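Each remark here refers to the structure printed beneath this line.
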Amino acid sequence: MSNSFGSVFRITTFGESHGVGIGVIIDGCPAGVALETTEIQQALDRRRPGQSDLTTPRKEADQVEVLSGLFGGFTTGTPIGLLIRNQDQASHDYSHIEHAYRPSHADYTYDQKYGRRDYRGGGRSSARETAARVAAGAVAAAFLRTVGISTLSYVSQVGAVAVPVGYEQLDLSLIDTNPVRCPHPETAERMAALIRQTRDRHDTVGGIVTGVALGVPAGLGEPVFDKLHAELGKAMLSINAVKGFEYGSGFAGTLLFGSEHNDAFYTDEAGTVRTRTNHSGGIQGGISNGQDIYFRVAFKPVATILQPQATINDQGEEITLAGKGRHDPCVLPRAVPIVDAMTSLVLADMVLRARANRA
């Protein structure tokens, strides 16, 4: 189903940007996972709008309501229902696009697919839907902790401003110490300045989020169609505004010869099989090899800009349209918890699938 994700650890999201609320049903989470509602709320607080001057000023508390599946601080093994009510809709900001197709938005394609669309904030195509994913991702992360896996991500590039070193050389505990969510303080300041300059020009800017998964054991992933990197790619490309995904050496690996790119195996002092380099990004043959998994996710500039643009309406007539309302000048800072969530959802599903595959 187009609104569901996962095989064993499976989620289904529902709701629209300007409807009553959004939510998620999580099925397949094992019983006995320690989880407090505050953990889900903390994840949502990282994604919510209005958290700094670098994000949309829309004021949503994103307060989660647990409808089912949790009791006494533990999962019960039954479906987990989570609801987040919308509180700060400004639907009047969108009345001017009832019949207009915004450039690079889903307005035209939704009309073609369904023959109708909810123009209030984009309806189901709005990035507001990702709050439900973040809530579900917090549940997945709680499960992953029971098997020693953790996931994190950070903003590694905004426009042309990029972190000059890889994740291994960064103090990743600094991710949430600045509003950009970049663990390289000097670069974070330059990124923030660029976002503010872009906002003041009524424009938007894109960039890259780097994701990392630690403690992933060897053996996760399926060897043919459901390769681990393919599932991660699908997860990331399902996020609004994502334009690209690469893992390990990615496209830069094409510049190396095989003799330079191959990851040589060795056995460490503890008897663990490791590789001396990690160009593979922790995945070989579609299956995790026990090394860190790392990848990069490219986000386009937010499509809504507060400048006049040429477009057409649903009658095919040429018009000029300028964005209104409250929008992010850069999606990257709020995309970090979304990337975290989708990584956790993929890995939780793969852990449970691996258990079913073992002889």
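What you are looking at is a predicted structure, and each value in this text was computed from that prediction instead of being measured. For the single chain, residues carry numbers from 1 onward in sequence order.
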Is there a donor-acceptor pair under 3.5 Å between the side chain of [X] and the backbone N or O of [Y]?
X	Y	answer
Asn278	Gly281	yes
Gln41	Ala43	no
Lys227	Val224	yes
Arg199	Ile195	no
Asp203	Ile305	no
Thr204	Val302	yes

Taking the side chain as every heavy atom from C-beta outward, state whether [X] and [Y] have any atom pair closer than 4.5 Å.
X	Y	answer
Leu214	Ile149	no
Cys330	Thr198	no
Val339	Ile239	yes
Thr187	Pro164	yes
Arg128	Ile22	yes
Phe14	Leu83	yes
Val242	Met342	no
Leu228	Val346	yes

Give a yes or no on whether [X] atom [atom1] has more than 12 heavy-atom contacts from other residues, nucleotides or ligands under 6.0 Å away.
X	atom1	value
Tyr108	OH	no
Glu168	CD	yes
Arg85	CZ	no
Phe257	CZ	no

Problem set entry | Stepwise side-chain contact (heavy atoms from CB on, under 4.5 Å) test for Thr311 and Ile319 | CA-CA 5 Å; Thr311 187; Ile319 61 172; 3.6 Å; yes
Exercise. Residues in ring pair (Phe, Tyr, Trp, His ring centres under 6.0 Å) with Phe295, at least two apart?
Worked result: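 Once residues adjacent in sequence are excluded, the partners of Phe295 under the ring pair (Phe, Tyr, Trp, His ring centres under 6.0 Å) criterion are Phe245.
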Side-chain donor-acceptor pair present, [X], [Y], cut-off under 3.5 Å:
X	Y	answer
Arg181	Ser153	no
Thr151	Thr343	no
Arg47	Thr130	yes
Asn289	Gln284	yes
Asn313	His99	no

Could you tell me which non-hydrogen atom of [X] sits nearest to which non-hydrogen atom of [Y], and how far apart they are?
X	Y	answer
Ser4	Thr12	OG-OG1, 2.6 Å
Leu345	Ala136	CD2-O, 3.9 Å
Thr13	Glu129	OG1-OE2, 2.9 Å
Ala303	Ser104	CB-O, 3.7 Å
Gly73	Glu36	CA-OE2, 3.6 Å
Ala61	Arg48	O-CD, 4.2 Å

For this session: For a side chain to side chain contact (heavy atoms under 4.5 Å, CB included) with Phe143, tell me which candidate from Thr75, Leu35, Leu352 qualifies.
Result: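 By the side chain to side chain contact (heavy atoms under 4.5 Å, CB included) criterion, Phe143 pairs with just one of Thr75, Leu35, Leu352: Leu352.
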For this session: Start with the C-alpha gap between Ser156 and His184, add the side-chain angles, then the distance that decides, and say whether side-chain contact (heavy atoms from CB on, under 4.5 Å) holds.
Result: CA-CA 9 Å; Ser156 54; His184 193 267; over 6 Å; no
Pair [X] + [Y], salt bridge at N-O below 4.0 Å:
X	Y	value
Arg145	Glu39	yes
Arg276	Asp263	no
Arg102	Asp107	yes
Arg46	Asp340	yes

For this session: Check step by step if side-chain contact (heavy atoms from CB on, under 4.5 Å) holds for Ile208 and Phe299.
Result: CA-CA 6 Å; Ile208 296 172; Phe299 286 81; over 6 Å; no
If you measure from [atom1] on [X] to [atom2] on [Y], what distance do you get to the nearest 0.5 Å?
X	Y	atom1	atom2	result
Leu82	Ile26	CG	CD1	4.5 Å
Glu231	Ser7	CD	OG	8.5 Å
Tyr266	Thr275	OH	OG1	7.5 Å
Gln169	Asp171	CD	CG	13.0 Å
Met191	Arg196	CE	CZ	13.5 Å
Ile25	Ser68	CD1	OG	6.0 Å

For this session: Enumerate the residue pairs fulfilling side-chain hydrogen bond (donor to acceptor under 3.5 Å, both in side chains) with a member in residues 292-305, sequence neighbours excluded, ordered by first and then second residue.
Result: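 Counting only pairs at least two positions apart or across chains, the side-chain hydrogen bond (donor to acceptor under 3.5 Å, both in side chains) contacts touching residues 292-305 are His105-Thr304, Tyr167-Asp292, Glu246-Arg296.
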Does one hydrophobic cluster hold both [X] and [Y], with members joined at side-chain heavy-atom distances below 4.5 Å?
X	Y	answer
Val33	Val147	yes
Val134	Leu152	yes
Tyr110	Leu321	no
Val66	Phe9	yes
Val273	Ile283	no

For this session: Apply the test salt bridge (Lys or Arg N to Asp or Glu O under 4.0 Å) to residues Asp226 and Arg353: give CA-CA distance (whole Å), side-chain angles for both, the deciding distance (0.1 Å), then the verdict.
Result: CA-CA 11 Å; Asp226 291 351; Arg353 291 175 71 168; 2.8 Å; yes
For this session: Determine, step by step, whether Asn86 and Val20 satisfy the side-chain contact (heavy atoms from CB on, under 4.5 Å) criterion, reporting the C-alpha distance in whole Å, the side-chain angles of both residues, the deciding distance to 0.1 Å, and the verdict.
Result: CA-CA 6 Å; Asn86 294 327; Val20 173; over 6 Å; no
